[in-house]
Amino acid sequence: MRLNESIVSKTETDYYAMPDERGHFGIYGGKFVAETLMEPIEELRRAYEEMKQDKEFQAEFDRDLAYYVGRPSPLYHAERWSKELGGAQIYLKREDLNHTGAHKVNNTIGQALLARRMGKTRIIAETGAGQHGVASATVAARFGMECVVYMGEEDVKRQAPNVYRMKLLGAKVVPVTSGSRTLKDALNEAMRDWVTNVDNTFYIIGTVAGPHPYPAMVRDFQTIIGREAREQIQVQTGRLPDALVACVGGGSNAIGLFHPFLGDESVEIFGVEGGGDGVDTPNHAAPLCAGSPGVLHGNRTYLMEDHNGQITETHCISAGLDYPGVGPEHAWLKDIGRASYVSVTDDEALAAFHKLTRTEGIIPALESSHALAYGEKLAKTMSPEQQIIINLSGRGDKDINTIADIEGIKL
Amino acid sequence: MSRLKSRFARLKADNKQALIPFVTAGDPHPSITVGLLHDMVKAGASVLELGIPFSDPMAEGPVIQAACERALEHNVSLKDVLGMVSEFRQQDNDTPIVLMGYANPVEVMGYKTFAEAAAKAGVDGLIIVDLPPEEGEDLVAELRANNIDMIFLLAPTSTEERIEKICQMASGFVYYVSLKGVTGAANLDVQSVQDKVQQIRQHTDIPVGVGFGIGTAEKAASVSAVADAVVVGSAIVKRVAENANDGERISAEVCALLSSMRQAMDIES
């Protein structure tokens with residue numbers, strides 16, 4: 001499959017015309033960065049545009065996805081779980097089976113190839129749950145590049161296995177102690193590094209946020225998820241699904257699944273945010289459900305912010321969803337009504353984590369467990385003839401310490 | 001004539017360069033800011049740069065990040081910052097004030113509401129670090145309607161084409177970011193600053209200020225030899241932080257630094 005493969009179906013709203021040439025998705029997106037970074041992001045945009053047209057690059061990307069990542073990832077019919085729920089048939093897109101254990105590697109492979117082509121020798125990345133950090137450290141090791149990963153001090157604590165994994169891969173993990181010490185602060189620190197070392201450094205952003213061209217570029221690397229799923233479901237069942245469900249932190253796994261289906265108006269689309277203690281409390285990470293538009297980290301989007309425009313602290317059991325912003329394309333899809341954004345609480349996600357583990361023998365990441373929890377609710381409202389694809393974006397091995405802590409077990 | 005224009009005209013007539021100190025509003029406490037601004041004017045400040053505290057100051061080094069955190073402990077808002085400017089204007093109607101901050105607080109207040117309130121308070125210019133001209137058209141229009149200058153940044157990475165375009169939009173002065181890095185960095189190279197400032201001057205007649213990494217009287221003097229204005233931030237904020245419990249000592253230390261810079265700059269010119 002090709003990144004620039006023309007899109008499958010067209011409808012009245014051209015969902016595939018975004019972003020515009022200035023990097024805007026409606027009023028969202030854009031290039032809100034310091035002057036020092038304006039030329040570097042323009043250079044990146046040009047390199048990416050060239051790369052999209054380059055058959056050799058495309059072939060290399062496809063080869064890496066097949067033989068290094070292990071794609072295509074299976075689309076698995078969770079028959080036992082579906083039967084138990086008595087509603088729609090649930091299909092899981094198994095991104096957890098990718099090399100490094102999550103969808104993140106699809107994007108880091110693409111960006112690392114681009115970095116090498118641009119002659120950059122040093123990779124930096126931010127990470128929350130550590131999955132993007134591991135995926136960045138992995139590609140850096142493979143290409144022999146220096147790699148520095150910024151990670152909030154809080155996250156360093158709650159994702160210890162991934163921190164060690166990054167170190168084994170040769171990356172330097174820098175704990176970030178400013179602000180709330182989570183993903184947003186790691187992003188701030190990575191931006192500061194980039195502005196300082198812009199000559200030799202490529203910043204691999206892990207989600208569909210940041211200044212243009214990142215939201216579009218990361219999406220394009222991740223749409224392999226949706227393109228495969230769209231083909232697989234038709235091969236297995238002879239038709240399109242009725243609904244898609246994916247968790248949304250920054251939203252890269254979600255946009256990767258959703259995007260190839262946007263033109264299929266019969267397919268309902270649900271993005272699931274981290275509801276923490278509930279969106280009616282201050283402790284959550286659900287900007288699309290309970291935030292308002294603003295500007296952060298290079299783009300205009302929905303944010304968790306106070307009435308003075310200060311970014312507020314988020315709370316979510318899953319580090320990968322613990323972020324006060326969201327990719328600008330999701331903000332646009334929400335406003336035009338093509339996708340619905342909902343939230344589930346920490347407790348609901350935990351219950352889904354255990355449910356899938358015991359029913360299907362698959363340990364899901366806590367991020368993905370949010371999608372599973374909503375998928376379960378949705379399936380129950382549907383009939384057994386209908387079908388849902390849930391993106392199982394990552395595996396849960398990295399979360400076993402968090403789960404054990406909650407259960408009062410010392411590993 | 002705007003305060004910025006007349007201040008730069010007078011400096012030029014005296015063959016002097018502007019010294020522009022930066023402090024974060026409300027750091028370490030909202031009660032000291034207005035007094036500190038007045039004291040800095042007495043110590044030789046030509047223009048004042050007042051920082052709007054923000055929770056995620058991406059272009060700042062650790063010193064100004066910490067200043068934002070101290071101010072935010074007192075919930076200093078954009079509205080409070082404008083209140084400080086109004087209070088300052090009761091005693092000083094000549095010294096130009098430029099606000100510096102990030103896009104989101106201004107976005108949330110609303111461009112029109114902000115521009116009108118800022119003009120009423122006595123603000124002369126605005127620097128928004130993460131609002132390049134490509135995204136700034138709407139805000140610039142509102143500021144123009146209220147006679148406030150948008151101060152655009154130029155950087156070592158700005159191409160000739162960008163310099164030309166930005167200079168066409170600029171008013172008040174243009175702010176050249178002296179280095180690739182964050183505020184308070186230590187890798188200032190005066191020769192490269194001189195080259196770039198000369199390049200900028202080919203595209204505009206408005207004053208060119210230089211900031212980032214200018215922390216000593218010696219550096220201020222050498223930059224003032226090649227630019228029209230010298231912006232000093234982290235070196236001042238560091239003195240604020242070191243004396244956070246004693247407002248008088250903050251003022252004394254900050255003013256001592258500014259006086260030494262002013263003196264060194266005047267000898268140089």
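Below, chains carry the letters A, B, ... as their sequence lines are ordered, and counting in each starts from 1.
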S.K.: So for A:V33, is it side chain, backbone, both, or neither that comes closer than 4.5 Å to the heavy atoms of chain B?
M.R.: backbone
S.K.: Sub-3.5 Å donor-acceptor pair from the side chain of A:T36 to the main-chain atoms of B:K180, do we have one?
M.R.: no
S.K.: Mind checking the NE2-CD spacing from A:H212 to B:E134? Nearest 0.5 Å is all I need.
M.R.: 11.5 Å
S.K.: Return the minimal non-hydrogen interatomic distance between B:E135 and A:G30, and the atom names on each side.
M.R.: OE2-CA, 3.1 Å
S.K.: What part of A:E305 lies closer than 4.5 angstrom to a heavy atom of chain B: side chain, backbone, both or neither?
M.R.: side chain
S.K.: For the backbone of B:M58 and the side chain of A:N188, can you confirm whether one donor and one acceptor N or O come within less than 3.5 Å of each other?
M.R.: no
S.K.: Flag the pair A:E35 and B:R162 as a salt bridge only when some basic side-chain nitrogen lies within less than 4.0 angstrom of an acidic carboxylate oxygen.
M.R.: yes
S.K.: Sort by residue number and list every member of residues 106-114 of chain B having a non-hydrogen atom under 4.5 Å from chain A.
M.R.: B:E107, B:V108, B:Y111
S.K.: If I measure from the heavy atoms of chain A, does B:V81 come under 4.5 Å with its side chain, its backbone, both, or neither?
M.R.: neither
S.K.: Please report the interatomic distance CG(A:D185) to CG(B:D56), rounded to the nearest 0.5 Å.
M.R.: 6.0 Å
S.K.: If I measure from the heavy atoms of chain A, does B:L153 come under 4.5 Å with its side chain, its backbone, both, or neither?
M.R.: both
S.K.: Is chain B contacted by the side chain of A:D193, its backbone, both, or neither, given a heavy-atom distance below 4.5 Å?
M.R.: neither
S.K.: Pick one of side chain, backbone, both or neither for A:H307, based on which atoms fall under 4.5 Å of a heavy atom in chain B.
M.R.: backbone
S.K.: Identify the residues of residues 164-174 of chain B whose heavy atoms come closer than 4.5 Å to a heavy atom of chain A, ordered by number, or report 'none'.
M.R.: B:I166
S.K.: Can you tell me if CD on B:E160 sees more than 12 non-hydrogen neighbours from other groups inside 6.0 Å?
M.R.: yes
S.K.: Of the backbone (N, CA, C, O) and the side chain (C-beta and beyond), which part of A:L303 lies under 4.5 Å from a heavy atom of chain B, both, or neither?
M.R.: side chain
S.K.: Which residue out of B:A103, B:P132, B:G61, B:C68 racks up the most heavy-atom pairs below 4.5 Å with chain A?
M.R.: B:P132
S.K.: Could you walk me through whether B:E161 and A:E39 pass side-chain contact (heavy atoms from CB on, under 4.5 Å), step by step?
M.R.: CA-CA 11 Å; B:E161 199 187 338; A:E39 185 53 27; over 6 Å; no
S.K.: Is it true that, when you exclude B:K196 itself, more than 12 heavy atoms of the residues, nucleotides or ligands shown sit nearer than 6.0 Å to its NZ?
M.R.: yes
S.K.: Can you list the steps and then say if A:F32 with B:N104 is a side-chain contact (heavy atoms from CB on, under 4.5 Å)?
M.R.: CA-CA 10 Å; A:F32 294 85; B:N104 204 47; over 6 Å; no
S.K.: Please classify the contact between B:L72 and chain A as side chain, backbone, both or neither, with a heavy-atom cut-off of under 4.5 Å.
M.R.: side chain
